[in-house]
Protein chains: 2
Amino acid sequence: MVTLAEVARHAGVSASTVSYVLSGKRSISAVTRQRVRDSIEHLGYHPHAGARALASSRSRVIALMVPLRTDMYVPVMMEIAIAVATTARVHGYDVLLLTGEEGPAAVQRVTGSGLAEAMILMDIQLDDERLPLLRGGGQPAVLVGLPADPSGLTCVDLDFTATGALCADHLAELGHRELAVIGEAPGVYERHTGFAERTLAGLRDRAARHGISVLHRPCGGGYGSLVGTLGRIFDERPGTTGFAVQNEAVVEPLLALLRQDGRAVPEDVSVVAVCPEQVATQASVRLTSVAVPAQELGRRAVELLMAKLRSRPGEEVVLLPPELTVRDSSGWAPDVNCR
Amino acid sequence: MVTLAEVARHAGVSASTVSYVLSGKRSISAVTRQRVRDSIEHLGYHPHAGARALASSRSRVIALMVPLRTDMYVPVMMEIAIAVATTARVHGYDVLLLTGEEGPAAVQRVTGSGLAEAMILMDIQLDDERLPLLRGGGQPAVLVGLPADPSGLTCVDLDFTATGALCADHLAELGHRELAVIGEAPGVYERHTGFAERTLAGLRDRAARHGISVLHRPCGGGYGSLVGTLGRIFDERPGTTGFAVQNEAVVEPLLALLRQDGRAVPEDVSVVAVCPEQVATQASVRLTSVAVPAQELGRRAVELLMAKLRSRPGEEVVLLPPELTVRDSSGWAPDVNCR
DNA sequence: GCAGAGCATCGAAGCGCTTCGAACGCGTGG
DNA sequence: CCACGCGTTCGAAGCGCTTCGATGCTCTGC
């Protein structure tokens with residue numbers, strides 16, 4: 001392994017000079033700078049991360065805590081994670097991957113050991129057990145998601161309340177009077193995961209103002225559970241003509257089942273989804289949807305974190321405004337159509 | 001931040017004693033050991049990772065390189081990644097997440113800086129550009145996947161050649177004479193991704209021995225591209241009765257389309273998939289499938305790596321034997337049925 | 001009763017880097 | 001002509017930990 005000292009010797013300067021060339025914290029003459037750079041190149045020098053962390057007490061690593069719930073839609077998590085890693089690299093940081101397994105203890109461990117300077121947390125529950133540790137302000141953190149009480153915390157998320165409202169508005173404008181919401185797996189609601197509950201609340205609230213009825217049904221992934229869920233929805237509310245779906249895994253099965261039942265989309269039934277663009281455009285019917293901007297969330301989370309690492313402002317909540325894109329799965333409610 | 005020295009002072013022993021209590025590399029009397037442990041607990045001490053890495057030249061971190069191809073089935077990658085992270089923790093290691101973005105340079109950087117002691121690489125191409133760097137033996141590495149020439153490397157993968165053969169055997173035994181393989185996205189083959197090409201080779205080879213015809217068609221994700229692909233398959237080989245699918249994203253669309261075309265599964269057409277168990281059991285028809293043991297792959301990769309970190313043996317290739325589970329999507333070929 | 005073995009513990013020397021104060025040489029203004 | 005300032009560079013002191021002798025001990029065995 002090549003060390004700073006060897007580079008210094010090779011370039012005929014002192015170790016500190018090499019260090020300053022690397023960090024740029026003091027001015028070094030152009031000649032010397034170039035000579036040092038050449039030596040670094042020539043010897044293939046890479047600063048030792050541990051030594052750096054020790055001397056500067058900055059590890060240039062951030063931790064990303066990704067829970068491993070089996071009932072969450074994985075690609076979104078992954079896309080966020082990748083965006084985090086990529087953006088972090090742009091800022092000269094690497095990313096440490098933590099699974100939910102260790103729970104809050106992981107926060108302690110990584111914080112305490114100086115392994116990571118800061119952390120990003122995903123899959124936030126409304127009353128997340130990791131939050132008290134973070135509020136202490138032990139170390140900078142950004143949540144991707146919004147807990148019930150974000151005081152003293154920095155969060156970034158899609159504005160899911162507005163998302164729900166947007167779905168309700170869209171379906172209401174098209175004349176639908178009875179809506180069904182097919183949601184995430186029951187476990188997601190049982191855990192009080194913010195995004196699921198907020199979407200529902202936003203939708204319910206707006207629907208109420210429009211005087212529209214809403215039937216909410218969580219639904220596990222997979223074709224099987226959807227068959228049951230959908231059957232029960234139509235049993236209970238045969239007049240349902242509008243669907244809001246927040247569950248990527250049942251989007252395609254839903255379209256298949258409706259087709260099979262002889263209900264045409266969007267002539268008989270309208271569907272609005274909350275999902276990544278890719279899912280919406282690759283489905284068998286191009287879906288009217290509110291996009292979940294996974295990449296953007298990851299990127300913003302890192303940028304907020306970097307800002308916090310420079311100077312630590314207090315709390316801050318960034319809610320991205322939702323955008324509804326009309327595609328082929330929503331249209332006038334049948335009765336309106338007939339007028 | 002609490003340091004070793006503070007713990008030592010609090011416990012009334014020397015720093016080295018505390019260190020030995022922590023590492024267990026020298027015997028310490030039970031009394032002292034307990035006293036030190038109490039102090040650690042009391043003060044909330046966490047060893048500084050950087051200092052540790054510097055002094056011992058072991059960072060207790062492994063790097064996981066996950067490419068970010070958009071045409072790969074993400075959940076499998078994620079499941080492997082999670083399994084890697086979880087298993088690594090069991091061995092006292094943390095995981096650094098690297099995206100493909102940096103390419104081979106990332107290997108250099110992480111190796112050179114001592115940030116990670118070893119690495120696990122995913123999405124291996126047959127002639128992967130990262131391999132030369134690893135063969136040099138600069139640092140221990142394990143590949144999840146099998147390149148064309150695994151000499152000097154440690155690899156773990158599902159035996160995809162055998163997987164392909166298993167699919168061919170199963171369909172042949174059921175009397176199918178014309179098979180179609182719906183594969184991954186074209187890009188996957190263009191990159192010469194090992195698992196896709198091997199499956200195909202294994203299947204073709206075995207099919208030839210059975211005297212069965214095989215038509216292979218790559219297929220992008222999404223309903224749209226499958227419609228085209230499937231149409232062309234039946235145009236070209238109207239007698240096709242057996243499908244082997246290695247592309248999780250089109251499994252459900254395929255079943256939907258066949259249903260729509262009035263082809264019953266498994267009465268008219270049999271489908272065998274290569275996919276995770278979850279996909280197979282949650283599809284609208286429970287699929288006969290060869291499972292992709294994502295978790296097992298991640299676990300094994302870490303265990304091979306840990307073994308290598310202890311003593312470095314040479315190359316080693318672990319190929320997990322595939323298992324085909326018969327479910328509801330495969331049955332006798334129609335003509336056989338009529339005999 | 002004393003040499004030698006063994007156990008428990010300590011002290012000190014780094015690991016490779018950052019950073020602070022000091023030193024050196026040069027040009028400038030009074 | 002000297003004092004001063006500035007741009008460059010150096011030396012040394014750590015950062016918190018591991019690890020290798022070395023040092024007292026208490027035990028054994030003859």
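Just so we're on the same page: letters track the sequence lines, and every chain starts at 1.
Going from atom CD of A:E6 over to atom P of C:dC17 covers 9 Å, rounded to whole Å. In this structure, CD of A:Q34 is placed 15 Å from P of D:dT8, rounded to the nearest angstrom. Distance A:L4 CG to D:dA13 P: 18 Å, rounded to the nearest Å. Between A:I40 atom CD1 and C:dG16 atom P there is a gap of 16 Å when expressed in whole angstrom units. The separation between B:M1 atom CE and D:dC17 atom C1' is 10 Å, rounded to whole Å. In this structure, the CG atom of B:L22 is 11 Å from the C1' atom of D:dT18, given to the nearest Å. Atom CZ in A:R60 sits roughly 22 Å away from atom P in D:dC15 (whole-Å rounding). If you measure from atom CZ of B:R58 to atom P of C:dG16, you get 17 Å, rounded to the nearest angstrom.
Regarding contacts with the backbone of C:dC7, every side-chain N or O of B:S27 stays at 4.0 angstrom or more from both OP1 and OP2. For D:dT19, the OP1/OP2 oxygens have a side-chain nitrogen or oxygen of B:K25 closer than 4.0 Å. Contact annotation: A:S29 reaches the phosphate of D:dT9 (side-chain N/O to OP1 or OP2, under 4.0 Å).
Here the nucleotide nearest the side chain of B:Y20, chosen from D:dT19, D:dC15, C:dT9, is D:dT19. Side-chain atoms of B:S14 lie closest to C:dC10 of the nucleotides D:dT18, D:dC17, C:dC10. Among the nucleotides D:dT18, C:dT19, C:dA22, the one closest to any side-chain atom of A:R26 is C:dA22. Here D:dC17 is the nucleotide among D:dC17, C:dG16, C:dC20 with the atom lying nearest to any side-chain atom of B:H48. In this structure, the nucleotide among D:dG7, C:dC10, D:dC17 sitting nearest to the side chain of B:R52 is D:dC17. Across D:dT18, D:dT9, C:dT9, the shortest atom-to-atom separation from the side chain of A:I28 is found for D:dT9.
In terms of position on DNA chain D, the residue among A:R33 and B:A5 whose nearest nucleotide sits closer to the 5' end is A:R33.
Nucleic acid contact class of A:T32 (heavy atoms, under 4.0 Å, all strands): sugar-phosphate only. Looking at heavy-atom distances under 4.0 Å, B:S19 makes contact with a base. Residue contacts for B:S16: at a heavy-atom cut-off of 4.0 Å it reaches a base atom on one of the strands shown.
At a threshold of 4.0 Å, the pair B:R89-A:E102 counts as salt-bridged, since one of the basic side-chain nitrogens sits closer than that to a carboxylate oxygen. With salt bridges taken as basic N to acidic carboxylate O contacts below 4.0 Å, none links B:R300 and B:E303.
Within the 4.5 Å cutoff, the side chain of B:H91 has no heavy atoms near those of the B:L305 side chain. Side-chain contact check for B:M65 versus B:R130: some heavy-atom pair is nearer than 4.5 Å.
Using cut-offs of 30° and 60° on the angle between ring planes, the pair A:H42 and A:H10 is parallel.
When B:V156, B:L134, B:D157, B:T154 are each tested for a side-chain contact (heavy atoms from CB on, under 4.5 Å) with B:L143, only one passes: B:L134.
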